[in-house]
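Below: the structure, in C-alpha cells.
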Amino acid sequence: MSDPAGRTGEVGGRSVRFRLLAIALLPMLVILPLLLGVAIYRWNAKFDAALISKVNGDLTIAHQYLARMLEKTGVQMRALSASARFRDVVAQDGSGSLSDLLDEARKEIGLDFLYLTNGKGDILASSPALQRRPRQDWPIVAAALSGQAPTTGVDIFANDELAAISPALAERAMLELVPTPNAVPTDRSAETQGMVVHAASRATLPDGGTAALVGGILLNQNLDFIDTINDLVYRAASLPEGSKGTATLFLDDVRISTNVRLFEGRRALGTRVSAAVRSAVLGDGHTWLDSAFVVNDWYISAYEPLVDTYGKRVGMLYVGFLEKPFSDAKYQTLLIIITAFIAITGATVPIFLRWASSVFMPLERMTATIAEVERGNLAARTEMTVSGDEIGRVAVHLDSLLDQIQERDRQLRTWNEELNARVRERTRDLEHANLKLEATTKQLIMSEKLAAIGEITAGVAHEINNPIAVMQGNLDVIRSVIGADADKVKVEFRLLDEQIHRISQIVTKLLQFARPEEYAGYVERHAAASIISDCLPLVQHLLNKTAIAVVRDDRASRLVLMNRTELQQVLVNLIVNAIHAMPDGGTLGLRSFDAERDGSPGVAVEVSDTGVGMGADVIEKIFDPFFTTKRRQGTGLGLSISQTLIKRQGGQITAESRVGAGSTFTVWLPEAS
Ligand code: ADP
Ligand code: MG
C-alpha cells in the first residue's frame, strides 16, 4: 500500500507545484510575451506601412516635379513661339538670326536641342546645328502642327535619331550596361537609346503656314535633373541620420540617371532594376511600393512607370531611402523592449518563485512527512505553526491527525502486548494443565499398580501370618515338651520368639499400610511416639542403605485424634522424603512435643533431615498435587495427600528449609479431648 500511495503523493505534489507555478508564471512568461509579440508585430506593420506611405509621398513629389518640368518646358516653348521677337525674327527670315534666337532660347529654357520645322520635313532653323534631318513623325510634333494638346511628353530616341540632332547627345545617351544580379538577363552590352523630355509648340510662318517649334532635354546622365529631384524629395533632415535618399530614372530597366552610388562613389549608371520590379512596374504598369534591393543595399522603394507620347511604358521613375537606419532603429527598439522584458522577468520571476515556494512549502513538508510516516516513523510531523494560509492550516491539521494516529497506534500496541501476554499466560496454563493431565494419567496408572501391589501384599501378608502362627504354636509346644531342658536353650528360644514377633509386626504393619480401608473408618486417640515407632520398621530397609542416623526425641504428653493408618502414612511419607533428600547419609530427626497453634493445644511431630534442602521456589509448590523434583521416581502426591489427611483432622503441615542445610517438616494436630 505504502509504495504506490507514496509515488502518487510525490507525483501529485510535484504536479500541483508545477501547476501553481504555471498559474503564477503564465501571465509573465506566456501571456505578456504573446501580447508583446502581437504589439510588436502590429507596431512593425504600422512602422513599415508608415515607411511605405512616406516613400509613396516621396514618389508623388518626384512625379509632380517631372510633371511640372514637362509642363514648364511646354509653357516656355509656347511662350517662345508666341513671342513678338520670335515672330519678328521669323518675319525677317534671316535664318542666321533665327538660329541665334533659338540658341539663346534653348539655353534659357535649358533644352538640349531646339529646332523649327515646317511640318513638311524642312528644318527652318535649329540649335545646335543639326547633322541630318531629324525624325519628324513624333506624335507631339503632329499634335503641335495641328494645334492639339498635349504638346509635351517623354519620348525614346534611338541613338541614330539623337546622332542626327547632335553627336554629343548620342554620345551622352550611350551607357555601358553593368552586369546586375537579379535583373532580367540580357545580351545587350550597352544602352544606346535616349530618354527625352520632348516638347513642341505651334508657330505661324510669315507666309501664313504653320510650323512647329520642337525642343528636347536628354535625360540620360542628366544628373542635374536627378539631383534636383533628390534634393527636393529628400531635403536635409527629412530622413534620420545614416539614411540616404535616392532618386533614379530608368529607361526600360536601365538606370540612365541616378544618385545611387556604386561602391567607389561612382553613380550606378548602367545597372538595371530587378526582374521582380521590372515585371510589376513595366510589365503590369503597377506602382511598386516596398522594400527592394537596390544595387547594393535594401531601400524602401517606390517605382512608377513612365509612359511616352505613344502611350507606351518606356521607363520608370524611382525614389527611395536606405532602409537600414530605420530597421536598425526598429531592431534597437525591439532589443530594448526584449531586454527590458527579460530584465523585468529575471528580476521578478525569482520573487514569484520564492513566493510560490513559500506557498508550496507546507505541501512539500506534508508530502515528506507522509512519506516518512509510511516508512514507519509515526513521530514525523510537518512542524508547521498555525499560519494564515489554507495549505498551512491543512499541514497543521495533518500534524494533529498524525498525533491521533500515533496515539491510536500506541494504544493498539499496548492492547496487542496485553493480548500477547494473555495468550502466553493461557498457553502456559494450558501447558501446565497438559503436564498435570499427563501426570494424572501416570498417577492413575501408578495408583492402579499400587492398588495391585497392595492387594498382593495383603495376600502375601495373610499367607505369611498363618505359617508364623503355626511356627509360634509349635515353638510353644516344643518348649513345654522339653520342659526343664528348655532353659539350656533359653537364649535361642528368646531370639526365635523375638524374630517371629518381629516378622508378625512387619506383616501386620505392611497389611495396615497396604489395605488402609480395612483399618480406616474410625479414629482413635494415639500417642505420637507410638506411631513414629510403628513407622520405623517400614522404612528400615531404606535407612540401612545409606548411613543415616536416626535421632528420636519423644516428649509429647498429649494424645491426638486420628486414624492410625492415615497418620502413619503421613509420617512414612515425610520420613521417605527426608531419606531421599540425604542420598549420602545424614541425620534423621524425629521429635514429638506438645505445641499450641493459634491458641489451641496440640501435638507437633517434627521430621527433620540434613539433606539437600529446598529453594523458595520449590517450597511454595511442594503441597501441589503432582509437584515433584524426582522425575520418574516421584509421584508428587505424597505431600498433597498428607496435607489433605492432616487438614481433615483440623491440623496442618508446614515446611522450613535451607538449600544445602536440610529441611524440617512439622505436622501439627489438635489435642484429642
Ligand atoms: P515425591 O516425593 O513423590 O516427589 P512429595 O509430594 O512427597 O512427592 O514431595 C514433593 C517434593 O517436595 C519432592 O519431590 C521434593 O522435591 C520436595 N521435598 C519433599 N520433602 C523434601 C525434603 N525432606 N528435602 C528436600 N525436598 C523435599
Ligand atoms: Mg514423597
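Each ligand, and each atom within it, is numbered from 1 in the order the structure gives.
Close approach of ligand 1 to Thr628 (heavy-atom distance below 4.0 Å) involves ligand atoms 1 (P), 4 (O), 14 (O). Close approach of ligand 1 to Ile622 (heavy-atom distance below 4.0 Å) involves ligand atoms 12 (O), 17 (C). Of all atoms in ligand 1, numbered sequentially from 1 with element shown, those under 4.0 Å from a heavy atom of Ala578 are 23 (N). Every atom of ligand 1 with a heavy atom of Ala581 under 4.0 Å away is listed here by number and element: 22 (C), 24 (N), 25 (C).
Counting heavy atoms closer than 4.0 Å to ligand 1, residue Asn573 contributes nothing at all. Under 4.0 Å from ligand 1, not a single heavy atom of Phe623 appears.
More than 12 heavy atoms of other shown residues, nucleotides or ligands fall within 6.0 angstrom of atom CG in Asn416. Residue-environment remark: CD (Glu656) stays at or below the threshold of 12 foreign heavy atoms within 6.0 Å. For NZ of Lys330, the number of neighbouring non-hydrogen atoms (other residues, nucleotides, ligands) closer than 6.0 Å is greater than 12. When the shell of 6.0 Å around CD of Gln332 is examined, it contains 12 or fewer heavy atoms from other residues, nucleotides or ligands.
Scanning the protein heavy atoms around atom 21 (C) of ligand 1, the nearest turns out to be Phe665 CE1, 3.8 Å. Here the heavy atom of the protein found nearest to atom 3 (O) of ligand 1 is Thr635 N, 2.8 Å. Looking only at protein heavy atoms, the nearest one to atom 6 (O) of ligand 1 is Leu639 N, 2.8 Å. Atom 27 (C) of ligand 1 has its closest protein heavy atom at Met614 SD, 3.8 Å. Counting protein heavy atoms only, atom 13 (C) of ligand 1 is closest to Lys630 CE, 3.9 Å.
No hydrogens or angles considered: nothing links the side chains of Thr664 and Ser608 as a donor-acceptor pair under 3.5 Å. A donor-acceptor contact under 3.5 angstrom links the side chains of Asp497 and Gln472, judged on distance only. With no hydrogens or angles considered, a side-chain donor-acceptor pair links Ser533 and Arg552 at under 3.5 Å. Between Asn544 and Gln540, the side chains place a donor N or O and an acceptor N or O closer than 3.5 Å (distance only, hydrogens not considered).
Of the possible polar contacts, none joining the Trp298 side chain to the Lys324 backbone as a donor-acceptor pair under 3.5 Å is found. The backbone N or O of Ser640 sits less than 3.5 Å from a side-chain atom of Thr644, completing a donor-acceptor pair. Side chain of Arg591 to backbone of Asp553: no donor-acceptor contact under 3.5 angstrom is found. The closest donor-acceptor contact from the side chain of Asn377 to the backbone of Glu372 lies at 3.5 Å or more, if one exists at all.
Residues that satisfy the salt bridge (charged side-chain N to carboxylate O under 4.0 Å, His left out) test with Arg648, not counting sequence neighbours, are Glu566.
By the 3.5 Å distance cut-off applied to N or O atoms, Gly613 is not counted among the residues near ligand 1. For ligand 1, one of its N or O atoms has an N or O atom of Asn577 under 3.5 Å away.
Looking at Val612, Thr629, Leu588, it is Thr629 that brings a heavy atom closest to atom 15 (C) of ligand 1.
Protein contacts to the Mg ion (ligand 2) involving N, O or S atoms at a distance below 2.8 Å are Asn577 OD1.
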